[in-house]
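Below is one structure, written out as structure tokens; comments come after it.
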Amino acid sequence: MRKALRWLLALAVLIGTVSTAGAATAAQPEAISGTKSSTSSSTSTAGSDIKDQLLAIPGMSLIQEKPYTGYRYFVLDYTQPIDHRHPSEGTFQQRITVLHKDVARPTVFFTSGYFVNTNPSRSEPTRIVDGNQVSLEYRFFTPSRPDPADWSKLDIWQAASDQHRVFTALKKIYAKKWLSTGGSKGGMTATYYERFYPSDMDGVVAYVAPNDVVNKEDSAYDRFFAGVGTKECRHRLNAVQREALVRREPLEKKYAEVAAAEGFTFDTIGSLDRAYEAVVLDYVWGFWQYSLLADCESIPADAKNATDDDIWTSIDTISGFSFYTDQGLEPYTPYYYQAGTQLGAPTIKFPHIEKTYIRYGYQPPRNFVPRDISMKFQPRAMRDVDNWVRSRAQHMLFVYGQNDPWGAERFRLGKGAKDSYVFAAPGLNHGANVAGLVPEQKALATARILEWAGVASTAVRSNPSVARPLATYDARLDKRNIEREPALRP
């Protein structure tokens, strides 16, 4: 579960950057108690400006308001307890954005599970229901990190409690129905939130959410890679990956030159050699995560006779040699910490590569987190969530991509689940969405989202096939900036 600096430009589109200097601060927060947030009566004053209502919430402060036609868009900070079980023991500032349309519309609670995008954007459910959108940065991702950071307070319950507290505060303004959503780790986040606070949301739309129930049992991934795409495409990818390890010496020399020129270091992972193999072993996974079958034409067809530059360029384009540097890993320390303590991480076999060429294999998350941060894996965490989804899911929709490796271990529904669905978009990757489903499933999913949000028409309720998004497509708001994560990370 990893990523490359070369794609940080794409990441910037998602998370944005904004200075907090000169932020306008609301009334000082009242003492934080429990996991609920109280707000002053002014937050629901009819006719008051939405910014005034938001800033009347104790602990809420304005970083920036950005204009957008048809909406008000706010980047905010919210005071959260570091530990929701012991709220008096310190606080931190967590970034929030609000895409405000109308308090009379439903609201979608979005999280990527990582950073928050500080530019106006709209998730697919938000467009479907034509609603407001609240987005939350995941705790411990900079700048939403306590200082000093007590890493033991980074877990799925604490993060779900962050969402619960934000919802409790904003529900007094946005009183209509709420849906939660997110893609990849954001889809996982929406699912965990539902497990711990099932009464908050009226529906959940989780995209491409991995579900690693038993961390040490990963054979589903091996089966996936044995059959994904076509034999010809798999052969091309496998051959390039193997050749990169066969040519380890000359290509590592090039890697060292690049690292010296760019100032890259390898203290966290331990060595350039470890980083090199990690990048190469991510290659096939990274291709299927973010590419389509048609993209196989870009892969060298004859790896053995390809030049070193051809092999380097193909690996670098898909995996990204800059990632396993200290500079590439550091922003994602919170993710790797969670992968090594609760979420789990996949390990796959490489039957097309002789063992003599593989020195380390898929390295554990522990190798990507600084050693001064202690970690201990909790095997019950994902089992608990999986059991809950199977037996108690209600108004939950899981969408996967047929060719996305992360869907090999997915959420599944049991007999206790109600009005919940698991769909896969044919031929799609980690960017799969409702729009990519087959027509019948697309219509059903859209209809259920509208129904859960309380905005389904009589026609849709009687005939789901007529269901359509309520908001017109907006090229800027709805552009699907699927973050290219060429390394192994959801």
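Predicted, not measured: the structure shown is a model, and the values here were computed from it.
Here the shortest heavy-atom pairing between Asp212 and Ala345 reads OD2-N, 3.3 Å. Smallest separation of non-hydrogen atoms from Leu293 and Cys233: CD1-CB, 4.0 Å. Closest approach of Trp178 to Val134, counting heavy atoms only: CH2-CG2, 4.0 Å. Of all non-hydrogen atoms in Ser291 and Asn429, the two that sit nearest each other are O-ND2, 3.4 Å. Taking each heavy atom of Asn433 and Tyr207 in turn, the nearest pair found is CA-CE2, 3.7 Å. Contact between Val116 and Arg95 at its shortest, heavy atoms only, is CG1-NE, 3.7 Å.
Taking OG1 of Thr268 as the reference point, atom OH of Tyr336 lies at 11.0 Å (rounded to 0.5 Å). Interatomic distance, OH of Tyr283 versus OG1 of Thr317, reported as 8.5 Å (0.5 Å rounding). Here the straight-line distance linking atom NZ of Lys415 with atom CG of Leu413 works out to 14.0 Å at 0.5 Å rounding. The CD1 atom of Ile82 sits 12.0 Å away from the CD atom of Gln94 when rounded to the nearest 0.5 Å. Rounding to the nearest 0.5 Å places OG of Ser180 at 10.0 Å from CZ of Phe167. Atom-to-atom distance recorded for Ile156:CD1 and Gln378:CD is 8.5 Å, nearest 0.5 angstrom.
Residues Arg410 and Phe398 form no side-chain contact, since every pair of their non-hydrogen atoms from C-beta on lies 4.5 Å or further apart. Between Asp478 and Thr126 there is no side-chain heavy-atom pair separated by less than 4.5 Å. The side-chain heavy atoms of Thr341 and Asp155, taken from C-beta on, include no pair separated by under 4.5 Å. Put simply, the side chain of Val385 does not reach to within 4.5 Å of the side chain of Met188, judged on heavy atoms. Inter-residue side-chain proximity for Ile449 and Val434 is flagged as met; some heavy-atom pair is nearer than 4.5 Å. Taking the side chain as every heavy atom from C-beta outward, Glu409 and Pro346 never approach each other to under 4.5 Å. Looking at Leu54 and Leu170, their side chains come closer than 4.5 Å, going by heavy atoms from C-beta outward. Residues Gln338 and Lys185 are in side-chain contact: their nearest non-hydrogen atoms beyond the backbone lie under 4.5 Å apart.
The aromatic rings of Tyr174 and His100 sit tilted, their planes meeting at an angle between 30° and 60°. Taking the six-membered ring for Trp and thresholds of 30 and 60 degrees, Phe141 and Tyr138 have ring planes more than 60 degrees apart, a perpendicular arrangement. Aromatic ring pairs are classed by plane angle as parallel below 30°, tilted from 30° to 60° and perpendicular above 60°; the pair Phe115 and Tyr332 is perpendicular. Ring geometry for Trp285 against Tyr221 counts as tilted: the plane angle lies between 30° and 60°, on a 0 to 90° scale.
Donor-acceptor pairing under 3.5 Å is lacking for the side chains of Ser184 and Tyr114. With hydrogens and angles left out, the side-chain atoms of Asp77 and Ser61 include no donor and acceptor closer than 3.5 Å. Asp295 and Tyr290 share no side-chain donor-acceptor pair at under 3.5 Å.
Judged purely by atom type and a 3.5 angstrom limit, His395 uses its side chain to pair as donor or acceptor with the backbone of Asp202. Here the side chain of Asp326 pairs a donor or acceptor atom with the backbone of Asp267 at under 3.5 angstrom. Without hydrogens or angle criteria, Lys172 side chain to Ile57 main chain gives no donor-acceptor distance under 3.5 Å. Checking side-chain atoms of Arg366 against main-chain N and O of Val369 turns up a donor-acceptor pair under 3.5 Å. Under the 3.5 Å distance criterion, the side-chain polar atoms of Glu277 are matched with a main-chain donor or acceptor of Arg359. Using modelled atom types, no side-chain atom of Ser135 and backbone atom of Thr97 make a donor-acceptor pair closer than 3.5 Å. Checking side-chain atoms of Gln133 against main-chain N and O of Phe110 turns up no donor-acceptor pair under 3.5 Å. Side-chain N or O atoms of Glu124 include one that pairs as donor or acceptor with a backbone N or O of Ala435 at under 3.5 Å. Under a 3.5 Å cut-off, the side chain of Ser420 and the backbone N or O of Lys418 do form a donor-acceptor pair. Side chain of Arg139 to main chain of Pro146: no donor-acceptor pair is present (N/O by atom type, distance under 3.5 Å, no hydrogens or angles).
Aromatic ring centroids of Phe350 and Phe225 lie 6.0 Å or more apart.
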What's the verdict on side-chain contact (heavy atoms from CB on, under 4.5 Å) for Gln241 and Val280, showing C-alpha distance, side-chain angles and the deciding distance? CA-CA 6 Å; Gln241 186 178 54; Val280 172; 3.9 Å; yes

Gln93/Ser144 under side-chain hydrogen bond (donor to acceptor under 3.5 Å, both in side chains): CA gap, chis, key distance, verdict: CA-CA 6 Å; Gln93 297 302 302; Ser144 298; over 6 Å; no

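Remark: Arg392 CZ is loosely packed, at most 12 non-hydrogen atoms of other residues, nucleotides or ligands lying under 6.0 Å away.
Taking the charged nitrogens against the carboxylate oxygens, Asp200 and Lys171 have no contact shorter than 4.0 Å, which rules out a salt bridge.
Test Phe368, Trp151, Phe140, Phe377 against Tyr337 for ring pair (Phe, Tyr, Trp, His ring centres under 6.0 Å) and you get one pass: Trp151.
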